[in-house]
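My structure is below; once you've seen it, I'll send some questions.
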Amino acid sequence: MHSTLFIQAPPVLGNQFRDDAFLQSYLRRKLPAAMLQQVEAELSDLGALAGGELYRLQLQDRLNEPTLTQWDAWGNRVDRIEVSPLWRRAADVAASSGLIAIAYERKHGRHSRIHQFAAVYLFHASSDVYTCPLAMTDGAARTLTVSGNQPLIERAVPRLTSRNPEDAWTSGQWMTESTGGSDVGASLTRAVRDDSGQWRLHGKKWFTSAITSQMALTLARPEGNGPGGSGLAMFYVETHNPDGSLNGIRVERLKDKLGTRKVPTAELTLDGARAELVGDTRHGTRNIEPMLTVTRAWNSVTSVSFMRRALALARSYAHQRSAFGAKLGELPLHVDTLAGLEAETRGAFLLAFELVELLGRQEAGELDDTQRALLRVITPIAKLLTAKQAVAVVSECIEAFGGAGYVEDTGLPALLRDAQVLPIWEGTTNVLALDTVLRGELGAGLPALRARVQQAITPAQGAGQSDERLAATGQQALAAIEHVFAWLSNNDDPRRLQANARRIAMTMGRALELSLLIEHAALSADEPDPVAHLAAARRFAAAPVDLLADINSEDSARLIE
Ligand SMILES: Cc1cc2nc3c(=O)[nH]c(=O)nc-3n(C[C@H](O)[C@H](O)[C@H](O)COP(=O)(O)OP(=O)(O)OC[C@H]3O[C@@H](n4cnc5c(N)ncnc54)[C@H](O)[C@@H]3O)c2cc1C
């Protein structure tokens, strides 16, 4: 018999809105007071759900995974997918909380996207990545809305944006084929018209998440079209026929994945699936771009949501767990470690929400030319940088639990596994870095980004500013951007540009994050705890911001020979 039993108090979560002082200070700065008053109660309810019922369900649900039943008892191919209990609850919460609807009802004009994504940020980490189908649903609603295809808009958009869980639809986005995920232009799926003039799709889609959705937007090559992305067209597909059978689709298997294990991700065969052309018979990769802008914003916000959740748990644990005669939260090096993660999380939050704010302005028709260029350039940058920060921050948070972080029934390892998908889907880090530097948008995008950095650091340079170090960190952000300008003007070899694309994109992103932290600190001087805002900017600046380095490409080639 043990005379004393070892019982460790677990980390606890409270109301994820009320406990998040940084989120609240951001919303107070960005939203009109009357609007904030209207949305605060609803965000607080969602925060309570996320830290309460949904979090408990998530822990209970840990071992449940989606199942695929391909055949019924009588030999019929049925390909039925059952999802986990939390996913069913998450679907209800998502629709009734208006996680998609808020953006389309646009009750608060350009601020509507901030409202929506504040809710998504609260919901995501307790949803077992139900935000994957939601991101694609939002992307599909936006893509259809701007497509001008009135019959499809009338049929699908009200369902995609419904607040009624009984009739709300979700959408898939079927792009990746075994021949190409990054290189989508290599897609082999064919689109042919049958005798009645109906388009039908034939091919295999290699990664299709959330195959329980009612519809999808996908790419296929109409017969006779040439190769590459411009020869693809964008199609709308409903997954089921009116009688409930699958629409010329076979679910071959569910992927056995490292993480996102609650998300049913399938390999599909399209065997004559009925489809509607959304726009023209070409330029599918270009026409599907509005979807990617939206899903990359979701990726950025969900990255920050994971960071916030991992940190909330690690901070709680630091007050429970003792080592060397003190709580972890009293040990200087543990405090220093968590503080660095908090600064990264706040920087990533401000970058993700900069993108969200610009998206809201675009949809409200309130973008000027500089902001338009900024939106284009920061969409890939925000996605790639926040995803990488999420993996790094969540990984450190796991370590902050010591061995408990590595033990499955704490629920903690799933956070790291799930975060690891963020740099892969919706464009890998390299592909988005190339997108940033090679697409000709850098010509307008880099000056727009410099202008935003300059604008963000200006309040900290003003007279009466009490913190001189804040002004100095502002110069550090600007110097990093100037370094990118100088590097680009001295390096025009396309292969060298490609090899350095990641460092360029990351430097641009980190410089913008730092400047946004400085802006937040300078403009939050009258907020509760202004010192924490200053501290976040100063701490972020202590980590590398300018990542450009003089790297010899022959050395690189030699290293991986
Ligand atoms: C859990 C999960 C769910 C998914 N769900 C969906 C879905 O619902 N719908 C969908 O369409 N797709 C989905 N995907 C697929 C995902 O979008 C692709 O895996 C991703 O785009 C990468 O494509 P790929 O796998 O073909 O990798 P590849 O394109 O083969 O890339 C391999 C590596 O090469 C690098 N690389 C590629 N090109 C370049 C280049 N030019 N220069 C430098 N480096 C390069 C990449 O960065 C990557 O590191 C999902 C993936 C996962 C993991």
Side-chain angles (χ1 to χ4, degrees), residues 300 340 343-355 358 370-371 373-389 392-393 429-430 432-438 441-461 465 467-492 496-522 533-551:
S300 307
E344 287 292 316
T345 301
R346 291 182 181 209
F349 177 100
L350 291 175
L351 177 57
F353 275 81
E354 179 79 4
L355 170 56
L358 288 169
T370 308
Q371 289 167 331
L374 187 62
L375 172 60
R376 273 202 294 269
V377 78
I378 72 166
T379 300
I381 290 177
K383 192 279 181 184
L384 75 88
L385 179 56
T386 57
K388 282 298 198 197
Q389 288 175 300
V393 167
T429 310
N430 279 359
L432 293 175
L434 292 172
D435 218 38
T436 309
V437 302
L438 293 182
E441 281 156 9
L442 206 54
L446 187 53
L449 195 127
R450 173 168 57 187
R452 181 67 184 101
V453 168
Q454 181 76 63
Q455 180 197 34
I457 64 175
T458 299
Q461 319 282 320
Q465 188 35 251
D467 192 277
E468 277 176 20
R469 278 191 294 167
L470 204 53
T473 55
Q475 290 312 313
Q476 186 184 343
L478 202 54
I481 298 297
E482 296 302 350
H483 192 189
V484 174
F485 268 103
W487 192 96
L488 288 171
S489 65
N490 291 327
N491 292 281
D492 53 8
R496 194 163 158 73
L497 187 59
Q498 278 196 43
N500 284 276
R502 218 187 234 247
R503 285 182 286 275
I504 294 171
M506 294 270 192
T507 299
M508 290 166 69
R510 288 193 69 80
L512 183 56
E513 286 190 0
L514 174 56
S515 71
L516 295 172
L517 283 166
I518 293 166
E519 181 180 61
H520 191 70
H533 301 306
L534 292 172
R538 293 195 301 245
R539 181 58 199 254
F540 189 93
V545 173
D546 182 348
L547 303 177
L548 283 176
D550 193 16
I551 289 182

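Being a predicted model, the structure only gives us computed values, none of them experimental.
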For Arg452, which residues count as a side chain to side chain donor-acceptor pair (under 3.5 Å) partner, sequence neighbours excluded? Glu354, Gln455, Glu519
Exactly one of Leu497, Leu446, Asn491, Ile381 clears side chain to side chain contact (heavy atoms under 4.5 Å, CB included) with Ile504, and that residue is Leu497
CG-CG distance between Leu385 and Leu512, expressed to the nearest 0.5 angstrom: 9.5 Å
Side chain to side chain contact (heavy atoms under 4.5 Å, CB included) filter on Leu547, not counting sequence neighbours, yields Met506, Thr507, Arg510, Pro544
With a 4.5 Å cut-off on side-chain heavy atoms, are Lys388 and Arg502 touching? yes
To the nearest 0.5 Å, atom NE2 of His483 lies from atom CG of Leu478 at 13.5 Å
Does Asp492 have any salt bridge (charged side-chain N to carboxylate O under 4.0 Å, His left out) partners at least two apart in sequence or in another chain, and if so, which? none
Just jot down the side chain to side chain contact (heavy atoms under 4.5 Å, CB included) partners of Ala537, sequence neighbours excluded, or say none. Leu470, Leu517, Ile518
Who passes ring pair (Phe, Tyr, Trp, His ring centres under 6.0 Å) against Phe540, sequence neighbours left out? none
Closest heavy-atom pair, Ala456 versus Ser515, reported as atoms and distance to 0.1 Å, is CB-O, 3.5 Å
Residues in ring pair (Phe, Tyr, Trp, His ring centres under 6.0 Å) contact with His520, at least two apart in sequence or another chain: Phe22, His533
Might you point out which heavy atoms bring Leu351 and Gly509 nearest each other, and give the distance in Å? CD2-O, 4.3 Å
As an exercise, state the distance from CD of Gln461 to CD1 of Ile457, rounded to the nearest 0.5 Å. 4.5 Å
Looking at every non-hydrogen atom in both residues, tell me the closest pair between Ala460 and Ala522 and how far apart they are. N-CB, 3.9 Å
For Glu513 against Ala348, the heavy-atom pair lying closest together: OE2-CA, 3.4 Å
Gap between atom CZ of Arg450 and atom OG1 of Thr370 - 0.5 Å precision: 12.0 Å
Once rounded to the nearest 0.5 Å, what's the spacing between atom CG of Leu434 and atom OG1 of Thr429? 11.0 Å
Any side-chain heavy atom of Thr473 within less than 4.5 Å of one from Gln476? yes
Hey, could you give me the CZ/OG1 distance between Phe353 and Thr386, rounded to the nearest 0.5 Å? 11.0 Å
